[in-house]
Visitor: 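Take this structure, written in structure tokens, and hold onto it; I'll ask about it next.
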Amino acid sequence: MQYHFNDIEAKWQKYWAEHKTFQAKNQSEKPKYYVLDMFPYPSGAGLHVGHPLGYIASDIYARYKRHKGFNVLHPQGYDSFGLPAEQYAIQTGQHPAITTETNIATYRRQLDQIGFSFDWSREVRTSNPEYYKWTQWIFVQLFNSWFNNDSGKAEDISTLETIFSAEGNTTVNAVCDDNIEPFTAEAWHSFSSEQKQDVLLQYRLTYLAETEVNWCPALGTVLANDEIVNGVSERGGHTVVRKKMTQWSMRISAYAERLLQGLNTIDWTDSLKESQRNWIGKSVGASVTFNVKGHDDKIDVFTTRPDTIFGVNFMTLAPEHELVAKIVTAEQKADVEAYIEKTAKRSERERMADVKTISGVFTGAYAEHPFTKEPVAIWIGDYVLASYGTGAVMAVPCGDQRDYDFANHFGITIPNIFEGVDISETAFGEKGKTKLMNSDFLNGLAYKEASKKAIEALEAIGQGEGKTNYRLRDAVFSRQRYWGEPFPVYYVNGKPQMIAMEHLPIRLPEVEKYLPTETGEPPLGRADVWAWDTELNTVVSNEKINNTTVFPLELNTMPGWAGSSWYFFRYMEEASKRGDAFASEDALNYWESVDLYIGGSEHATGHLLYSRFWVKFLKDRGFVNIEEPFKKLINQGMILGTSAFVYREEGTNTYLSHGLIEGKSVSPIHVKVQYVNASDELDIEGLKTDGEFGEDFKDAEFILEDGVYKVGREVEKMSKSKYNVVNPDQICAEYGADSLRLYEMFLGPLEQAKPWNTAGITGVHGFLKKLWKLYIGEESVNVTDAEPTKDNLKTLHKTIKKVEDDIENFSFNTSVSTFMIAVNEFNAQKCVSKAVLEPFLVLLSPYAPHIAEELWSQLGNLESISEAPFPEFDGSHLVESSKVYPISFNGKMRFTLELSLDLGKGEIEKIVMAHEKTQDQLQGRTPKKVIVVPGKIINIVG
RNA sequence: GCAGAAAUGGUGGAAUUGGUAGACACGUUGGACUUAAAAUCCAAUGGGUAGUAAUGCCCGUGCGGGUUCAAGUCCCGCUUUCUGUACCA
């Protein structure tokens with residue numbers, strides 16, 4: 001009988017589905033284990049070979065845990081709101097819901113054929129109204145909450161109102177807007193309802209605020225920093241302007257300290273925790289207020305070096321700082337405006353990365369040093385970002401390299417405040433390495449004492465205080481898009497009102513086109529039925545808006561991270577019981593949190609931070625009992641694609657083969673990798689008749705070398721736009737899912753990025769054929785009840801140990817080698833013993849479940865292998881009596897010698913020294929030293 | 001610029017605690033089987049060098065130093081690549 005993998009795989013996939021083999025139960029005698037993948041966005045390109053890498057790893061772990069006796073929850077779903085479906089809708093008019101539905105069907109088929117042990121009964125889709133109902137509900141909870149710094153927790157907004165009516169806001173220690181006006185209890189009572197709403201909005205955990213965005217009028221959308229190149233949109237090259245917009249924001253900054261501290265309690269890689277720490281960016285220092293000379297205005301700065309306050313002799317504002325226009329002098333106005341215009345064209349990212357170009361302009365205005373009252377020149381420079389801190393920096397050129405370079409470039413003097421330090425070449429940035437001078441009352445003090453004293457002095461004159469600053473900014477939560485969760489919000493006189501829980505979900509309205517409106521409103525501005533009737537409690541036609549009972553609804557939608565910030569809770573509830581809570585208390589208490597989470601590192605600071613924020617919030621409000629959602633997290637490395645290029649000679653329609661481009665002016669153009677064979681030769685006919693790009697190449701001339709057109713190759717991120725996507729379907733059809741699973745693991749360490757290359761897949765496929773032949777002969781099963789030999793048991797137990805260790809350490813690539821070695825050994829031993837070959841299948845089953853199930857049943861088992869207990873390791877089978885010692889001379893191995901492990905150091909040395917090969921090596925010399933490490937090595941020095 | 005990760009044969013990678021570098025595969029070469037091909041099986045395969053051969057010697061884990069009886073592994077200094085990025089004031 002032959003190994004017919006297609007039949008076997010289809011058979012067992014059907015079996016698992018029919019028998020609900022992997023459906024998790026919310027009650028069990030077994031301990032629970034929750035294994036989760038980052039759910040995919042169902043793109044039109046379908047699943048590529050990079051997606052399954054993490055899914056295979058988590059599936060191996062989930063199956064392993066089942067063998068180890070755990071009640072495993074291993075669900076999957078779709079992050080199904082997103083831009084590509086919307087973009088497609090804009091181009092074709094097709095509703096994104098339809099595109100999404102089609103794409104999900106493709107993903108499901110592709111995932112099913114790989115044989116994952118997902119519990120599909122618990123599937124979630126973020127774009128499903130029954131799901132986003134609860135996303136909207138969480139938003140309302142955030143709106144109805146404020147963060148009390150005294151308790152360190154979010155509380156219901158009503159507790160804040162109680163405080164306001166009893167004692168005003170001066171005693172409240174809350175996370176809130178910066179520009180809060182103090183008021184008394186009496187004043188609170190005298191406020192109108194609208195005034196009260198305005199005040200409360202300054203405290204709510206989600207709030208409306210003016211935020212600066214990159215606005216592209218031609219596209220009618222807001223762009224991310226990396227979508228802007230040289231001040232124009234990457235797509236289409238349209239101008240981009242900075243524009244202020246009123247948007248929903250989330251007060252994630254309230255949780256900065258808890259997000260930071262929580263990292264110490266979870267089992268994530270140090271590198272990932274480090275990037276979250278950097279993102280949160282806690283720094284301890286002081287805020288300092290500078291008065292502007294000749295104006296009433298003040299400039300606040302934050303500094304980590306209050307000790308260097310006497311080294312300040314200028315300051316720099318971000319070009320977009322609101323004071324710039326106000327304080328600039330007439331003589332400098334033209335220069336300043338020209339500079340601001342130039343800066344406006346650079347993205348934040350560009351400004352950050354470019355440190356070589358020093359640029360800036362003097363405003364002509366001066367601030368006043370808080371202690372010396374000396375004038376401090378106010379400059380603007382684009383290395384200061386408006387969105388970070390206060391958008392202003394006090395410059396200490398002798399103590400900060402960037403300030404030093406800036407001063408040097410513009411001929412500003414650099415006063416020295418460090419005792420015994422030469423600052424003629426470079427700034428001195430080391431804290432506490434010397435004492436201060438030229439610093440008045442700080443003279444002779446080191447960093448720590450000086451900082452303390454400086455802060456005390458600033459506080460005494462009311463021009464500063466000690467402060468802890470976080471880099472983490474509040475997160476903008478509005479998107480000017482169609483395909484996202486609508487806000488459950490309507491506006492009365494411009495004040496946002498929440499729609500009550502019992503009326504949710506507020507479903508996305510129908511629109512004619514998915515573009516922004518001509519007046520620049522988001523796509524929902526095109527909806528005709530998009531108003532809220534407060535009497536009928538339903539969405540009604542816009543014509544009925546009367547602003548007394550019927551009001552306009554919010555036009556923005558929520559960002560992609562809304563739905564993905566809590567989906568792991570939704571899986572906890574059995575689908576049939578998903579009633580009137582986002583998950584029942586029982587389900588939440590049973591599954592608690594995700595035990596193992598696997599996904600890409602690109603989500604390190606987005607999704608993983610927002611999820612942690614929402615979980616902490618939900619805990620504060622009593623909806624969940626956990627502080628951290630993901631106990632252990634592994635990042636799988638990116639699978640890179642090998643892109644292919646053709647080279648068009650500049651200004652022609654002629655393409656040169658890769659070997660001919662030297663010295664020519666050519667532009668490389670991506671071509672689809674399916675038209676390129678393993679020898680980098682291009683299928684020109686295929687390219688010319690391609691449905692998508694054939695037209696572009698129809699009349700092109702291809703210049704060949706040695707009769708073929710050779711493409712250039714480059715390893716890049718696998719992406720639809722680079723035309724290097726490789727699809728798993730063909731591999732499943734040609735080699736089977738088990739081969740794909742083994743091969744993806746065999747490629748290398750899970751966490752390392754690696755280019756995809758199918759060249760080696762025949763190796764793992766050949767292994768599976770060998771394995772099959774070990775169990776199944778020409779006519780019948782080979783396996784017998786024969787007693788296992790010593791060697792059989794040795795191979796088995798060696799393999800048990802190695803595979804178990806590998807899985808626990810997420811080192812799946814080395815397990816595959818171990819299986820190959822074991823099968824090679826069993827073959828050499830002519831092993832037929834069921835006592836050895838049966839448990840071996842359990843070891844293999846997490847990796848190659850279909851063939852393991854088939855052989856398991858061929859051996860006469862009637863139940864699925866998936867719950868079979870993992871074999872117990874017995875070390876007694878591995879005990880050795882002798883060791884082949886490497887004999888080294890001066891650290892170089894010269895020959896080996898087999899010796900009993902019972903021998904002591906002295907005996908070993910005696911035998912080795914007496915050996916004829918030793919004497920050959922020494923050639924009469926007397927060794928200075930002989931190192932003997934029993935069981936390891938012998939090294940003779942001399 | 002900053003942060004994190006990485007660099008080992010023609011290729012993917014292994015060496016888990018400092019102890020025989022290159023496991024396991026791919027590829028390549030030679031052989032068996034076959035009318036032939038595919039499939040399968042066997043053998044060789046880091047580079048150089050001496051020898052008919054058995055075998056031996058030299059070099060070798062990005063580069064330069066160091067610690068050690070012994071370094072891919074530890075320390076110091078660099079280079080390159082990948083990923084992320086908000087000049088961390």
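Values in this document were obtained by computation on a predicted structure and should not be read as measured data. Numbers restart at 1 for each chain; the letters A, B, ... are given by sequence-line order, proteins then strands.
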Visitor: What is the ring orientation for A/Phe410 with A/Trp379, classed by angle as parallel under 30°, tilted 30 to 60°, or perpendicular over 60°?
Guide: tilted
Visitor: Would you confirm whether the ring centroid of A/Phe310 sits within less than 6.0 angstrom of the ring centroid of A/His369?
Guide: yes
Visitor: Which is true for A/Lys282 with a 4.0 Å heavy-atom rule: it touches a base, it touches only sugar-phosphate, or it touches nothing?
Guide: nothing
Visitor: Taking the nucleotide of RNA chain B with the nearest heavy atom to each, does A/Ser283 or A/Asn809 sit closer to the 5' end?
Guide: A/Asn809
Visitor: Rounded to whole Å, please give me the gap between CG in A/Asn890 and P in B/rC57.
Guide: 13 Å
Visitor: Could you grab the distance from atom NZ of A/Lys769 to atom OG of A/Ser739, nearest 0.5 Å is fine?
Guide: 9.0 Å
Visitor: Is there a donor-acceptor contact under 3.5 Å from the side chain of A/Asn827 to the main chain of A/Leu774?
Guide: no
Visitor: May I ask you to decide if A/Ala256's main-chain N or O and A/Lys282's side chain share a donor-acceptor pair within less than 3.5 Å?
Guide: no
Visitor: Could you give the distance separating B/rG66 and B/rC82 at their P atoms, to the nearest angstrom?
Guide: 32 Å
Visitor: With respect to the phosphate group of B/rU40, does any side-chain polar atom (N or O) of A/Lys769 fall under 4.0 Å of OP1 or OP2?
Guide: yes
Visitor: Closest to the A/Gln752 side chain: B/rG13, B/rA89, B/rG12?
Guide: B/rG13
Visitor: Are any side-chain N or O atoms of A/Gln463 and backbone N or O atoms of A/Thr289, one a donor and one an acceptor, separated by less than 3.5 Å?
Guide: yes
Visitor: Picking from B/rC57, B/rA89, B/rA25, which would you name as closest to the side chain of A/Asn824?
Guide: B/rA25
Visitor: So, A/Asp474 and A/Ser253: side-chain donor and acceptor under 3.5 Å apart, yes or no?
Guide: yes
Visitor: Does B/rG12 adopt a syn or an anti glycosidic conformation, taking syn as a chi angle within 90° of 0?
Guide: anti
Visitor: I'd like the P distance from B/rU17 over to B/rC74, given in whole Å.
Guide: 10 Å
Visitor: So which nucleotide from B/rU40, B/rC24, B/rA15 ends up closest to the side chain of A/Thr814?
Guide: B/rA15
Visitor: Could you measure between the two P atoms, the one in B/rG9 and the one in B/rG4, and give it in whole Å?
Guide: 27 Å
Visitor: Nearest to the side chain of A/Met820 - B/rA25, B/rA23, B/rG19?
Guide: B/rA25
Visitor: What is the distance from CG of A/Leu844 to C1' of B/rC24, rounded to the nearest Å?
Guide: 15 Å
Visitor: Can you work out whether A/Thr818 or A/Ile931 has the more 5'-proximal nearest nucleotide on RNA chain B?
Guide: A/Thr818
Visitor: Which value, in whole Å, describes the distance between the P atoms of nucleotides B/rU73 and B/rU20?
Guide: 13 Å
Visitor: Give a yes-or-no answer on whether the side chains of A/Lys770 and A/Asn824 include a donor-acceptor pair shorter than 3.5 Å.
Guide: yes
Visitor: When you measure from the side chain of A/Asn939, which nucleotide among B/rC59, B/rC24, B/rG19 comes out closest?
Guide: B/rG19
Visitor: For the side chain of A/Glu274, counting heavy atoms from C-beta on, which of B/rU20, B/rG4, B/rA23 is nearest?
Guide: B/rG4
Visitor: Hey, does the Lys NZ or Arg CZ of A/Arg612 hover above the aromatic six-ring of A/Trp268, less than 6.0 Å from the centre and inside 45° of the axis?
Guide: yes
Visitor: At under 4.0 Å, does any side-chain N or O of A/Lys929 touch on OP1 or OP2 of B/rC69?
Guide: yes
Visitor: Which nucleotide in the list B/rC57, B/rA25, B/rA14 gets nearest to the side chain of A/Lys770?
Guide: B/rA25
Visitor: Taking atom P in both B/rA39 and B/rU29, what distance in whole Å separates the two?
Guide: 14 Å
Visitor: Given atom CG of A/Leu750 and atom P of B/rA6, what is their separation to the nearest angstrom?
Guide: 14 Å
Visitor: Rounded to the nearest angstrom, tell me the gap between atom CD1 in A/Ile380 and atom P in B/rA89.
Guide: 23 Å
Visitor: To the side chain of A/Ile821, which of B/rA89, B/rC24, B/rA39 is closest?
Guide: B/rC24
Visitor: In whole angstroms, how far is the C1' atom of B/rU40 from the CD atom of A/Gln2?
Guide: 11 Å
Visitor: Where each pair must be Watson-Crick or G-U wobble with both distances under 3.5 Å, what dot-bracket representation of RNA chain B is obtained, with crossing pairs in [ ] and other-strand partners as |?
Guide: (((((((..(((......[....)))((((((.......))))))(((((....)))))..(((((..]....))))))))))))....
Visitor: From the options B/rA89, B/rU20, B/rC26, select the nucleotide whose nearest atom is closest to the side chain of A/Ile937.
Guide: B/rU20
Visitor: Could you tell me how far B/rA6 sits from B/rC75 if I compare only their P atoms? Round to whole Å.
Guide: 13 Å
Visitor: Distance check, P atoms only: B/rG60 and B/rG10, in whole angstrom units.
Guide: 15 Å
Visitor: B/rG72 and B/rG65: how far apart are their P atoms, nearest whole angstrom?
Guide: 15 Å
Visitor: Considering only side-chain heavy atoms of A/Lys773, which listed nucleotide, B/rA89, B/rC24, B/rU40, is closest?
Guide: B/rU40
Visitor: Does A/Thr304 put a side-chain nitrogen or oxygen below 4.0 Å from OP1 or OP2 of B/rA89?
Guide: yes
